[in-house]
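Everything below concerns the one structure shown next.
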Amino acid sequence: MELNKKNIEELFEQTTLNESNEKLLQNDSLLNVQIFGNEVILDFEISNPTLQYKKKIEGLSTQLLQKKFGEELKVKTNFSIKKVEKEVKIQGNPIPGVKNIIAVSSGKGGVGKSTISANLSVALAKLDYKVGLIDADIYGPSMPIMFDLVGESPKAIDVEGKKKMQPLENYDVKMVSMGFFTELNQAIVWRGPMASKALNQLIWDSHWGELDYLIIDLPPGTGDIHLSLVQAIPLTGAIVVSTPQDIALADARKGVNMFKMDSIDVPVVGIVENMSYFIPEDLPNKKYFIFGKNGAKNLAEQLEINLLAQIPIVQSVREASDAGRPAALQNDTPISNSFINFAKEVVKAVEARNENLPSTEAVKITNMKGCS
Ligand code: ADP
């Protein structure tokens, strides 16, 4: 195949991604192609402004062109951000009656994000706040198990002539879950718009009534889906969960940076260090720093954000979650007190945030020009 503009354009038009059969440039356009000897410059217009996405398109383009035209070919990419006003389904009004919406996220899976979300919700309810919880973890909705609500589904009710979904309730927490849209344990692959639509439904079609806190357990990561979920909600703030391990901290940093991007601009309420240390039940005076010591604490200091809690690894936390009774429900145990103190820190940080900063608006993609 000859190296020319037309052939390159056709190549991008025809190429699909292996795993999904989607076009390589599904939502994006190749605006211009310039060829100088063995160097090709590609100008893209993309709808996802994240650095990760740009790197992905750059990597795939280089791979594609070098495969067709030889390894020695140099590929350079330029990106501009597409205005996608019409595609964005932002329903940016605050939810009537809901005072604070807090997203709980983590850079990496398995660090205890869902455990932290469940226990934070229960602890806030124990402190007499009115609490709702949305399980938006599309990769493994686990709240129905943690709240002992497996097999239950929310009922449709009529509120002032509109069909609404009545959240399920346990331990004084109103809960809805992505798990309601799928069978438990059934792996489903959500695409961005599907996930966004389902989350929108959970947020806006649920009859929350009056809430002090609506906690949203987001999927892990900072990818496309995550971004589209964040765009759907006018968040008061975000909490990032990490273990003290270097590899988790690197991802937590990315998570914090995503919320801080000019175009997203969601205040980070703070970071929670989970699995900070392990105390064996039979040796209560011993502490083992399995994943390293104070990693998230140091990260919080570096990023100048609050460290909200350091939660130890305790067998009963895992057992309580699996048994459908989050550990924060225990009466005056060291671990339940850790969760209560964590909830108090969250309240303090959110109140400070509300005093000092204006309400967050749902992200408008049209403002995203110029972010990298
Ligand atoms: P994520 O939502 O980040 O994927 P989970 O909340 O599902 O992570 O937690 C992963 C596993 O670790 C679960 O089995 C959970 O019960 C366990 N776990 C989380 N935090 C703790 C903790 N502090 N002590 C003991 N087990 C924990």
Side-chain angles (χ1 to χ4, degrees), residues 102-123 133-150 173 175 177-179 184-185 187-188 190 195 215-223 225-226 229 238-245 247-252 254-256 271-281 284 286-297 307-330 333-343 345:
I102 308 291
V104 180
S105 80
S106 67
K108 197 174 161 320
V111 297
K113 178 184 49 55
S114 301
T115 308
I116 294 290
S117 304
N119 282 288
L120 171 62
S121 304
V122 167
L133 172 63
I134 296 180
D135 177 10
D137 190 344
I138 45 184
Y139 301 112
S142 49
M143 292 306 167
I145 295 177
M146 285 199 248
F147 279 80
D148 197 16
L149 291 167
V150 175
V173 175
M175 195 271 290
S177 170
M178 286 281 196
L184 211 65
N185 297 333
I188 48 160
W190 293 88
I215 307 295
I216 304 184
D217 182 22
L218 288 178
T222 50
I225 289 181
H226 197 261
L229 298 188
I239 293 175
V240 176
V241 184
S242 181
T243 65
Q245 195 180 359
I247 191 169
L249 292 166
D251 287 341
K254 277 190 220 155
V256 171
I271 194 162
V272 188
E273 189 178 88
N274 188 31
M275 310 194 188
S276 294
Y277 51 87
F278 169 66
I279 303 177
E281 267 177 65
K286 281 254 180 215
K287 274 187 185 180
Y288 292 94
F289 294 89
I290 296 174
F291 294 118
K293 198 171 177 182
N294 285 337
K297 184 168 180 257
L307 176 73
L308 298 164
Q310 289 182 293
I311 307 286
I313 303 181
V314 179
Q315 192 172 327
S316 74
V317 169
R318 202 268 307 146
E319 287 169 350
S321 294
D322 289 351
R325 261 189 77 79
L329 289 167
Q330 295 164 14
T333 61
I335 191 65
S336 69
N337 289 338
S338 299
F339 284 122
I340 295 285
N341 288 334
F342 162 45
E345 287 300 313

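As the structure lists them, so they are numbered: ligands from 1, and atoms in each ligand from 1.
- Within the 3.5 Å criterion, the main-chain N or O of Ser336 finds no donor-acceptor partner in the side chain of Gln330.
- Asp135 places a side-chain N or O within 3.5 Å of a backbone atom of Ser142 that can act as its donor or acceptor partner.
- If you check which protein heavy atom lies closest to atom 20 (N) of ligand 1, you get Asn274 ND2, 2.9 Å.
- Pro220 is listed as a side-chain neighbour of Asp137, based on a closest heavy-atom distance under 4.5 Å.
- When side chains are defined from C-beta on, Met143 counts as touching Ser117, because their heavy atoms get closer than 4.5 Å.
- Side-chain atoms of Phe339 and Val122, non-hydrogen and from C-beta on, never get closer than 4.5 Å to each other.
- For ligand 1, the polar-atom distance check finds an N/O of Val314 within less than 3.5 Å of one of the ligand's N/O atoms.
- The proximity of Pro312 to ligand 1, defined as any non-hydrogen pair under 4.0 Å, is limited to the backbone.
- Taking OG1 from Thr243 and CG from Asp251, the interatomic distance works out to 9.5 Å, rounded to the nearest 0.5 Å.
- Between Leu218 atom CG and Ile102 atom CD1 the span is 11.5 Å, to the nearest 0.5 Å.
- Among the atoms of Ile313, none of the N or O lies under 3.5 angstrom from an N or O of ligand 1.
- Scanning all protein heavy atoms for the shortest distance to atom 14 (O) of ligand 1 gives Arg318 CG, 3.6 Å.
- Taking any N or O of Thr115, backbone or side chain, at least one lies under 3.5 Å from an N or O belonging to ligand 1.
- In terms of polar-atom proximity, defined here as any N/O pair under 3.5 Å, Ser114 does make such a contact with ligand 1.
- The closest protein non-hydrogen atom to atom 4 (O) of ligand 1 is Gly110 N, 2.9 Å.
- Under the 4.0 Å criterion applied to side-chain N and carboxylate O atoms, Lys113 and Asp217 are assigned as salt-bridge partners.
- Across Val241 and Ser106, no two heavy atoms sit closer than the pair O-CB, 3.4 Å.
- In this structure, Pro220 does not count as a contact residue of ligand 1, since none of its heavy atoms falls inside 4.0 Å of the ligand.
- Of all the atoms in ligand 1, the ones that sit under 4.0 Å from a non-hydrogen atom of Met275 are 12 (O), 18 (N), 19 (C), 20 (N).
- Backbone and side-chain nitrogen or oxygen atoms of Gly112 are examined, and one is located within less than 3.5 angstrom of a nitrogen or oxygen of ligand 1.
- Geometrically, ligand 1 and Lys113 share a nitrogen or oxygen pair separated by less than 3.5 Å.
- For ligand 1, none of its N or O atoms has an N or O atom of Asp322 under 3.5 Å away.
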